[in-house]
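Take a look at the structure set out below.
Since this is a predicted model, take the numbers as computed values, not measurements. Just so you know, ligand 1 is whichever comes first in the structure, and atom 1 is the first atom listed for that ligand. In what follows, every heavy atom counts, from backbone to side chain, and hydrogens, waters and symmetry copies are set aside.
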Amino acid sequence: MLPSLLLATTAATLATAHTVITYPGWRGNNLHTNDAWPYGMQWEYPCGGINLTTNRTYWPTTGGAIAFQPGWFQGHQTAFLYINIGVGTEGPDGGPINMSNPLITPFQLLGPSNGPYPGTVCLPQVGLPTNWTMNPGDNATLQIVEIAMHGAALFSCVDITFAEPGDPRIPEVNETNCFNSSDVGFASIYTVTTQAVGASANMDVSSASSLRAAAWLGYLPVLAGAAWLLM
Ligand SMILES: *[C@@H]1O[C@H](CO)[C@@H](O)[C@H](O)[C@H]1NC(C)=O
Ligand SMILES: *[C@@H]1O[C@H](CO)[C@@H](O)[C@H](O)[C@H]1NC(C)=O
Ligand SMILES: *[C@@H]1O[C@H](CO)[C@@H](O)[C@H](O)[C@H]1NC(C)=O
Ligand SMILES: *[C@@H]1O[C@H](CO)[C@@H](O)[C@H](O)[C@H]1NC(C)=O
Ligand SMILES: *[C@@H]1O[C@H](CO)[C@@H](O)[C@H](O)[C@H]1NC(C)=O
Ligand SMILES: *[C@@H]1O[C@H](CO)[C@@H](O)[C@H](O)[C@H]1NC(C)=O
Ligand SMILES: *[C@@H]1O[C@H](CO)[C@@H](O)[C@H](O)[C@H]1NC(C)=O
């Protein structure tokens, strides 16, 4: 089952493809790998190698839907997904100078295979960051970050203009453009603190006392591996 026409029309790029934003829009096709982008465009912070655009999509001031196809490349059997927002015009391209404002709690995506897969994910109501108020007419950029299994990040963006909820210029959200396909799953990401900040380093090494004099004691957790070499 192909969830989108987009998949069919750009299937030829499957071998080098990553994230496609299907709602509310996309800065443009950055699924390219060529002489100018030998590693692939989409690895480039902040928006996968595409500068600010002026053909913005309207999106509600209360937040709204975001849909994307994350499986346009091999190696994404699992991935971490982040969605951020940037505002302002101080960036070198006249857009936001950073995308450091998370819109969601990141989650893990579970794909059907390690090859490219045609799944679509839609989050129907992504809200603004706590205490943010945007007015109709304000501009912003939505950024989707997909962390591949090897830890590198893929970037894709859409430039938006905020509008009152219900404004007819906001593209309709429906079962055609906002759904989760059955071949993708989701997992929560959580961490377990194994050493709180300020807790002493847990060196179970007989020569630890001689190391205590070292000026870089504070960095012992990082250098624990190197400490073995000193013994
Ligand atoms: C803006 O225009 C570019 C180039 O034509 C196109 O690829 C992109 O999808 C458009 N974005 C929106 C949100 O319409
Ligand atoms: C928002 O961006 C559009 C171009 O995409 C520009 O014409 C408009 O002046 C901008 N609005 C604000 C409030 O900066
Ligand atoms: C991001 O940029 C905004 C300006 O648009 C600035 O106010 C904010 O401090 C920046 N945040 C970070 C983490 O750099
Ligand atoms: C993006 O904007 C920067 C800063 O203006 C410019 O140096 C760069 O060539 C632009 N990139 C593209 C692909 O147009
Ligand atoms: C949001 O605003 C309230 C009231 O001003 C404040 O107490 C709270 O700390 C703010 N939360 C964040 C995350 O900034
Ligand atoms: C869903 O909304 C889109 C616009 O976002 C529209 O093009 C499409 O026809 C709608 N589909 C249905 C089944 O209403
Ligand atoms: C898709 O799955 C995510 C994660 O479980 C969920 O938050 C979202 O509401 C689902 N989307 C739809 C359209 O049901």
In ligand 2, which numbered atoms sit nearer than 4.0 Å to a non-hydrogen atom of [X]?
X	value
Arg56	1 (C), 2 (O), 3 (C), 4 (C), 5 (O)
Gly137	11 (N), 13 (C)
Thr54	5 (O)

* Considering only NZ, NE, NH1 and NH2 on the basic side and carboxylate oxygens on the acidic side, decide whether Arg27 and Asp93 come within less than 4.0 Å. =>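 Yes, this pair counts.
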
About how many Å separate [atom2] of [Y] and [atom1] of [X], when rounded to the nearest 0.5 Å?
X	Y	atom1	atom2	value
Ile85	Cys157	CD1	SG	11.0 Å
Asn180	Leu123	CG	CG	7.5 Å
Leu128	Thr61	CG	OG1	7.5 Å
Gln42	His32	CD	NE2	10.0 Å

Below 3.5 Å, N or O to N or O, backbone or side chain included: is there any such pair between [X] and ligand 2?
X	answer
Asp138	no
Thr161	no
Asn139	yes

* Is any side-chain heavy atom of Phe179 closer than 4.5 Å to a side-chain heavy atom of Thr120? ->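 Yes. Closest side-chain heavy atoms under 4.5 Å.
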
* Asked: Less than 4.5 Å apart, any side-chain heavy atom of Thr141 and any of Val158?
  ->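 SC-SC contact between Thr141 and Val158 ruled out.
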
* Kindly assign one of parallel, tilted or perpendicular to the pair Phe155 and Tyr45, based on the angle between their ring planes and the thresholds 30° and 60°. =>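 Correct class here is perpendicular.
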
* Asked: Will you find, in the side chains of Trp59 and Thr161, an N or O donor that is under 3.5 Å from an N or O acceptor?
  ->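 On atom types as modelled, these side chains do not qualify, holding no pair under 3.5 Å.
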
* To do: Mind jotting down which protein residues get a heavy-atom contact under 4.0 Å with ligand 3? Chain and number order, please.
  =>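 Residue list for ligand 3: Val87, Glu90, Ile97, Asn98, Ser100.
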
